[in-house]
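Only one structure is covered here, and it is reproduced in the block below.
What you see is a predicted model; the values in this text were computed from it and never measured. Every chain is numbered from 1 and lettered A, B, ... according to where its sequence line falls, protein lines coming before strand lines.
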Amino acid sequence: MLASPPMVYDHQAIERRWQEYWERNETFRAEVDPERPKFYVLDMFPYPSGDGLHVGHVEGYTATDIISRYKRMRGFNVLHPMGWDAFGLPAERHAMKTGVHPARVIENASGNFRRQLKRLGFSYDWRRELSTTDPGYYHWTQWIFLQLWGSYYDRQAQRARPIAQLPIPPEVTAAGPAAIARYRDDRRLAYLDDAPVNWCPALRVVLANEEVAEKVEDGYEVVRRPMRQWVLRITEYAERLLADLEGLDWPPHVLEIQRNWVGRSEGAEIDFAVDGHAGALTVFTTRPDTLYGATYMVLAPEHPLVAEITTAAQQAEVRAYVDRTARRSERERQAESIEGKKTGAFTGAHAIHPLSGAKIPIWIADYVLLGYGTGAIMAVPGHDERDHAFARAMALPIVQVVAPADGAAVDIAAAAFVGEGVAVNSPVIDGQSTAAAKRTMIDHLVAHGRGRARVTYKLRDWLFSRQRYWGEPFPLAYTPAGEAVPVPEDQLPVLLPEVADYDPSEDGEPPLSRATAWKQLPDGSVRETNTMPQWAGSCWYYLRFCDPGNGTLPWSKQAESYWMPVDLYVGGVEHAATHLLYSRFWHKVLFDLGHVSEPEPFRRLVNQGMILGATFLPLDRRKDDSGKKLVFLPAQVEERDDPDRPGSKRWVVRETGEPVEIQWDKMSKSRGNVVNPDEVVASYGADSVRLYEMFMGPLEHSAPWQTEGLAGVHRFLGRVWKLFFPADDGSAEAKTPRALAAGEGTPRQRRLLHRTIADVTDRTERLSFNTAISALMVFVRDIVAAGDPAADPEAMLPRGAATQFCLLLAPYAPHLAEELWSVLGHAASLAHEPWPAADEAWLVDDTFTLVVQVDGKWRAEIAAPKSASKDELVALARGVEDVAKRLVGVEPRRVVVVPGRLVNFVL
RNA sequence: GCCCGGGUGGUGGAACGGUAGACACGGGGGACUUAAAAUCCCCUGCGCGAGCGUGCGGGUUCGAGUCCCGCCCCGGGCACCA
């Protein structure tokens with residue numbers, strides 16, 4: 001239970017007063033102002049869940065709020081908005097359970113979030129609040145979808161263009177309008193595809209590749225099944241999504257995830273003739289230098305050539321294998337095969353080796369994936385582990401074509417040699433290093449028309465439709481002939497209709513398909529009944545924040561070019577492969593089409609760490625009756641003296657006295673270890689919560705939530721208060737503030753003040769909030785000396801120092817800072833006051849602490865004048881008794897003098 | 001397996017190549033109080049000590065937590081992607 005700490009000052013009243021003041025005065029209202037430099041600080045906007053905020057959310061929001069407030073005081077025009085990513089499954093599932101419309105669910109939840117955020121004093125411009133579920137918002141989500149649908153990728157120019165500019169080949173034109181339409185549809189950035197998708201039967205929804213891992217981790221089954229779905233051609237942007245990471249100030253970790261996800265690899269395409277058939281079988285390989293080692297070919301079982309080339313004798317076997325593969329889940333397929341258990345079937349057909357002319361058998365096997373490269377490989381068992389395993393299983397020949405550069409012998413029959421080395425048994429490239437051999441081989445293939453250099457990517461196109469209710473409707477309908485036709489822009493938005501039942505059918509028929517009146521259009525066409533995934537709304541919300549009220553455009557050119565890009569974006573790392581990739585993709589499409597002015601949306605990205613919550617485990621880790629691990633929640637335990645170790649405490653279960661061990665985990669409702677900010681704000685105050693979350697450690701680090709730490713910063717704020725009201729004992733007369741000395745105080749006080757200004761400024765810039773707070777603590781500890789103010793000016797608080805301290809404190813503890821600012825006699829908020837400037841003259845002392853070392857070991861420290869020459873410093877150092885003693889009878893080989901730092905005698 | 005981070009007191013964490021451990025929590029002692037709470041002050045890396053100390057072993061340097069090489073461990077990402 002949260003015990004209320006003693007109250008040094010009335011934080012509740014102060015917080016209420018200033019939150020009302022800010023709201024009434026629209027203190028944080030942001031408007032485009034070309035005269036002033038802008039700064040755009042963005043939080044990853046939350047999904048407004050019914051559980052409300054927990055203290056984990058608050059960490060990132062506090063960081064962005066500190067920067068927002070700081071930048072305002074530095075003269076920047078700051079855009080700092082907040083909104084709701086409110087489409088998605090949880091609201092819909094809640095609706096299914098309770099019958100409450102998802103829109104109501106979201107309205108309640110976002111109202112609660114808004115209240116909680118305001119209570120923490122965050123300086124959002126609430127006039128810009130938006131929800132992705134608002135028709136005025138998803139109007140433009142639909143509009144962007146139509147931009148994608150209405151564009152193709154010009155590979156020559158490496159950019160998207162309107163589909164009307166797509167050159168139509170004469171033979172297509174000759175074939176008539178239907179052929180032209182099909183030609184265009186095949187090239188649009190949004191297209192319909194029948195390919196197998198990731199279907200989650202329990203959730204009754206398809207998943208994007210990026211989402212599969214997470215759902216599987218959550219225990220859901222995901223199977224592949226063919227469905228006709230909208231897909232976005234993100235793969236066209238693979239190279240740019242990769243290359244443009246270069247200029248971004250993002251955490252290395254996130255850059256790595258994105259690079260991995262795009263998965264670029266360089267290699268070659270090689271054409272193999274198929275014996276007895278026209279046309280070629282093209283493979284992709286990253287090791288064209290091993291071409292002479294290809295002893296067989298493998299096609300993915302789904303490869304279109306399989307049916308064509310399989311011989312009569314092999315038909316039955318091949319068909320059985322293809323069926324078997326289709327029925328097994330991706331996971332089943334992979335699990336066995338990765339262990340080295342390779343399966344496959346021989347097609348009976350043979351390929352002609354493009355260099356040796358040898359006939360090599362063509363197999364099918366599920367270790368080759370249709371979706372990557374060309375869906376076919378040349379198998380080089382000598383130098384690829386997977387091919388090696390397969391060759392051994394099927395008794396296929398293994399030959400060596402690469403040898404280790406150091407001449408070591410390798411047993412190619414026992415294991416593949418996958419390293420680089422020197423080409424052997426390869427007439428065209430014998431003796432060449434792997435790198436050179438790759439180049440030579442590609443040149444050779446090009447010269448003979450048998451291949452070409454090629455880059456492939458792991459990134460797949462983005463599956464974009466969902467069989468759910470609570471999402472954006474697609475702005476498209478199908479004519480009776482089955483042609484997809486866009487809803488005219490002037491008829492947007494396509495509103496989400498009311499339905500009786502939110503559940504899709506078992507086979508994936510979306511709930512909107514039962515909204516018959518809605519889906520049936522007067523002209524006989526039928527609306528698309530899938531909806532967009534939750535990512536759609538979050539792909540561009542940062543753009544809408546620039547101009548949220550615009551009723552005629554998604555954003556004005558003026559607002560976009562002024563505010564964008566986002567200067568600082570703070571959020572969780574869990575969006576590294578999804579949201580951040582998707583929105584970069586959309587942004588680039590919008591850039592190509594001239595709707596935005598820069599190719600990347602987020603200049604700087606920071607991932608805040610997790611705040612961990614406590615649960616308690618019995619020492620024997622026993623399970624409860626239902627077989628689950630037994631855990632105790634913070635409310636069930638308390639700290640008591642440990643009888644085994646006097647003087648220290650341990651955690652015990654309150655009722656039984658059983659000792660338990662503390663365990664820190666990510667906060668989650670199901671674990672029961674969530675800390676609600678409302679509770680801690682009520683007892684310690686918003687400023688304490690903000691300060692504590694920042695003081696826990698670097699923003700990127702995860703850290704455990706500990707009430708003792710919260711009490712620590714709470715005490716600090718109490719000391720700040722007592723700096724201004726030293727006698728405050730709650731009585732009325734004590735409410736008079738401390739008498740202030742004029743000016744900035746004694747030299748010592750001035751040095752401390754300007755040191756504090758310099759440190760807090762530098763550390764805030766570096767987002768090193770924990771150390772900035774520590775500088776504030778040092779100031780409060782040292783600014784006023786103990787003693788009699790009448791006799792000792794050091795015991796007075798100088799007005800100048802008090803004033804500037806308020807400003808330094810303001811980004812961190814804005815309520816208290818505003819209150820003290822007004823105590824100092826200011827009528828208006830300090831939110832737009834200029835940030836204090838450190839006076840260089842007070843940063844440099846006229847003396848400094850000179851460290852004297854002998855042989856690099858610390859021996860003494862003495863005060864030395866800053867102005868002293870090197871020789872004078874050495875003389876001073878030699879004068880130190882302990883040093884002189886050590887130098888008796890020895891002349892140092894060398895004397896190192898670092899002015900302002902140290903003297904080191906090297907013997 | 002490959003690729004990124006990271007290993008500093010009892011704890012969270014500080015340290016432009018220049019006094020390792022700022023600041024805070026926890027712990028110990030004291031002041032105030034009839035008493036307690038709250039508050040304030042002092043001590044608190046290890047070692048009785050010379051000294052020793054930033055995961056381990058080398059190296060560069062007058063000087064290394066920081067730079068280089070080789071390991072170990074922890075966290076994360078990717079992985080049948082040819």
Side-chain angles (χ1 to χ4, degrees), chain A residues 5-8 213 251-261 263-265 267 283-287 290 294 298 330 333-340 342 365-369 371-380 383-387 389-390 418 456-460 573 576-577 639 647-649 691-692 695-698 700-704 706-713 715-716 718-719 722 729 759 763 768 770-778 781 786 849-861 892-898 900-907:
Chain A
M7 201 157 58
V8 176
H253 179 234
V254 177
L255 295 175
E256 193 212 354
I257 292 174
Q258 295 235 336
R259 286 197 190 101
N260 277 337
W261 196 260
R264 185 182 200 272
S265 62
V283 301
F284 173 74
T285 177
T286 55
R287 292 295 299 272
T290 62
V298 187
E330 198 88 332
R333 278 170 65 167
Q334 291 193 7
E336 278 185 8
S337 191
I338 290 173
E339 285 167 24
K342 294 279 187 278
D366 63 6
Y367 80 93
V368 173
L369 309 174
Y372 184 75
T374 61
I377 62 159
M378 64 175 200
V380 184
H383 305 284
D384 181 283
E385 281 167 5
R386 299 151 302 181
D387 296 343
F390 189 82
V418 297
T456 61
Y457 304 90
K458 284 195 297 186
L459 184 70
R460 307 295 161 80
V573 69
E639 256 187 317
S648 60
K649 304 223 176 200
L691 221 45
Y692 172 55
F695 194 60
M696 291 170 96
E700 308 77 26
H701 284 199
S702 294
Q706 286 168 305
T707 308
E708 297 78 22
L710 183 60
V713 294
R715 271 197 290 276
F716 163 67
R719 284 195 290 270
K722 279 192 284 191
D729 55 4
D759 283 349
R763 293 166 183 185
S768 180
N770 55 330
T771 59
I773 292 166
S774 127
L776 294 169
M777 289 173 165
V778 170
R781 184 189 65 192
T849 305
L850 177 73
V851 172
V852 184
Q853 298 181 337
V854 177
D855 270 340
K857 282 215 192 311
W858 183 96
R859 290 303 170 199
E861 61 181 44
R893 278 193 295 124
R894 205 176 140 185
V895 182
V896 181
V897 183
V898 184
R901 286 277 183 192
L902 58 78
V903 172
N904 183 11
F905 296 99
V906 184
L907 304 183

Checklist entry - Taking atom P of B:rC78 as reference, at what distance in whole Å does atom CG of A:Asn260 sit? => result 7 Å
Checklist entry - How far does the P atom of B:rG6 sit from the matching atom of B:rU66, given to the nearest Å? => result 13 Å
Next on the checklist: Need one value for A:Gly263: base, sugar-phosphate or nothing, where a base atom within 4.0 Å counts as base even if backbone is also close, heavy atoms only.
Outcome noted: nothing
Item to check | Distance below 4.0 Å between A:Asn770 side-chain N/O and B:rA14 OP1 or OP2 | outcome: yes
Item to check | Nucleotide B:rC78, atom C1' - distance to OH of A:Tyr457 in whole Å | outcome: 18 Å
Checklist entry - What is the distance from CD of A:Gln258 to C1' of B:rG76, rounded to the nearest Å? => result 16 Å
Item to check | C1' gap between B:rG55 and B:rG9, integer Å | outcome: 15 Å
Item to check | Any donor-acceptor N/O pair, A:Glu385 side chain to A:Val418 backbone, under 3.5 Å | outcome: no
Checklist entry - Syn or anti for B:rG70, with syn set at within 90° of 0? => result anti
Next on the checklist: Of the listed nucleotides (B:rA82, B:rA22, B:rC40), which one gets closest to any side-chain atom of A:Thr286?
Outcome noted: B:rA82
Next on the checklist: Holding to side chain to side chain donor-acceptor pair (under 3.5 Å), I want the full list of residues that pass it with A:Asp384, two or more places apart in sequence or in another chain.
Outcome noted: A:Arg386
Checklist entry - Mapping A:Gly373 and A:Val713 onto RNA chain B by nearest heavy atom, which one lands closer to the 5' end? => result A:Val713
Checklist entry - Could you give the NE2-to-C1' distance, from A:His701 to B:rG12, as a whole number of Å? => result 11 Å
Next on the checklist: With a 4.0 Å limit, can you tell me whether A:Ser265 has a side-chain N or O closer than that to the phosphate oxygens OP1/OP2 of B:rA82?
Outcome noted: yes
Item to check | CZ-NZ distance between A:Arg259 and A:Lys458, expressed to the nearest 0.5 angstrom | outcome: 13.5 Å
Next on the checklist: Categorize A:Val573 for me: base, sugar-phosphate, or nothing, with a 4.0 angstrom heavy-atom threshold over every strand shown.
Outcome noted: nothing
Item to check | Protein-nucleotide distance (A:Trp261, atom CH2; B:rG77, atom P), rounded to Å | outcome: 12 Å
Next on the checklist: Is there a side-chain contact between A:Arg715 and the phosphate of B:rA38, meaning an N or O under 4.0 Å from OP1 or OP2?
Outcome noted: no
Next on the checklist: From the set B:rC25, B:rA22, B:rC4, return the single nucleotide nearest to any side-chain atom of A:Glu708.
Outcome noted: B:rC25
Checklist outcome for this item: Sorted by chain and residue number, the side chain to side chain donor-acceptor pair (under 3.5 Å) partners of A:Thr374 (sequence neighbours excluded) come out as none
Item to check | Selection from B:rC78, B:rC4, B:rA15 that lies nearest to any side-chain heavy atom of A:Glu256 | outcome: B:rC4
Item to check | Minimum-distance nucleotide (side-chain atoms of A:Leu369 versus B:rA14, B:rC25, B:rA82) | outcome: B:rA82
Checklist entry - What base-paired stems does RNA chain B take part in, with at least 3 consecutive Watson-Crick or G-U wobble pairs and both distances under 3.5 Å? => result B:1-7 with B:72-78, B:10-12 with B:23-25, B:26-31 with B:39-44, B:55-59 with B:67-71
Next on the checklist: For A:Pro252 and A:Gly709, find the nucleotide of RNA chain B closest to each by heavy atoms; which residue's nucleotide sits nearer the 5' end?
Outcome noted: A:Pro252
Item to check | Pairwise P distance for B:rG45 and B:rA24, with rounding to whole Å | outcome: 15 Å
Checklist outcome for this item: To the nearest angstrom, the CE-C1' distance between A:Met696 and B:rG26 comes to 16 Å
Checklist entry - Where do A:Leu255 and A:Gln258 land on the side chain to side chain contact (heavy atoms under 4.5 Å, CB included) test, with the steps shown first? => result CA-CA 5 Å; A:Leu255 295 175; A:Gln258 295 235 336; 5.9 Å; no
Next on the checklist: Side chain of A:Lys722 only, heavy atoms from C-beta on: which candidate in B:rA82, B:rU39, B:rA79 is closest?
Outcome noted: B:rU39
Checklist entry - Taking only residues two or more places apart in sequence, or in another chain, which ones meet A:Arg460 in a salt bridge (Lys or Arg N to Asp or Glu O under 4.0 Å)? => result none
Checklist entry - When you compare B:rU8 with B:rC3, how far apart are their C1' atoms, in angstrom units rounded to a whole number? => result 26 Å
Checklist entry - Quick one: is the NZ or CZ of A:Lys342 closer than 6.0 Å to the six-membered ring centre of A:Phe390, and within 45° of its axis? => result no
Checklist outcome for this item: Taken to the nearest whole Å, CD1/A:Ile257 to C1'/B:rG75 is 13 Å
Next on the checklist: Does B:rC3 have its OP1 or OP2 closer than 4.0 Å to a side-chain nitrogen or oxygen of A:Arg259?
Outcome noted: no
Checklist entry - With rounding to whole Å, what would you report as the distance between B:rG58 and B:rA64 at their C1' atoms? => result 14 Å
Item to check | A:Ser768 versus A:Thr771, side-chain donor and acceptor atoms under 3.5 Å | outcome: yes
Checklist entry - For atom P, what is the distance between B:rG49 and B:rU44, given to the nearest Å? => result 13 Å
Checklist entry - Partners of A:Gln706 by side chain to side chain donor-acceptor pair (under 3.5 Å), sequence neighbours excluded? => result none
Checklist entry - Say you pick atom P in B:rU54 and the same atom in B:rC46; how far apart are they, in whole Å? => result 15 Å
Next on the checklist: With rounding to the closest Å, how many angstrom separate the P atoms on B:rG10 and B:rG47?
Outcome noted: 10 Å
Checklist entry - Given atom CZ of A:Arg763 and atom P of B:rC16, what is their separation to the nearest angstrom? => result 10 Å
Checklist entry - Considering residues at least two apart in sequence or located in another chain, which fulfil the side chain to side chain donor-acceptor pair (under 3.5 Å) criterion with A:Tyr372? => result A:Ser265, A:Thr456
Item to check | Nearest listed nucleotide, side chain of A:Lys458, among B:rC40, B:rA79, B:rA82 | outcome: B:rA79
Next on the checklist: Side chain of A:Thr771 only, heavy atoms from C-beta on: which candidate in B:rA22, B:rG76, B:rA24 is closest?
Outcome noted: B:rA22
Checklist entry - Nearest to the side chain of A:Pro698, which nucleotide is it out of B:rA14, B:rA24, B:rC78? => result B:rA14
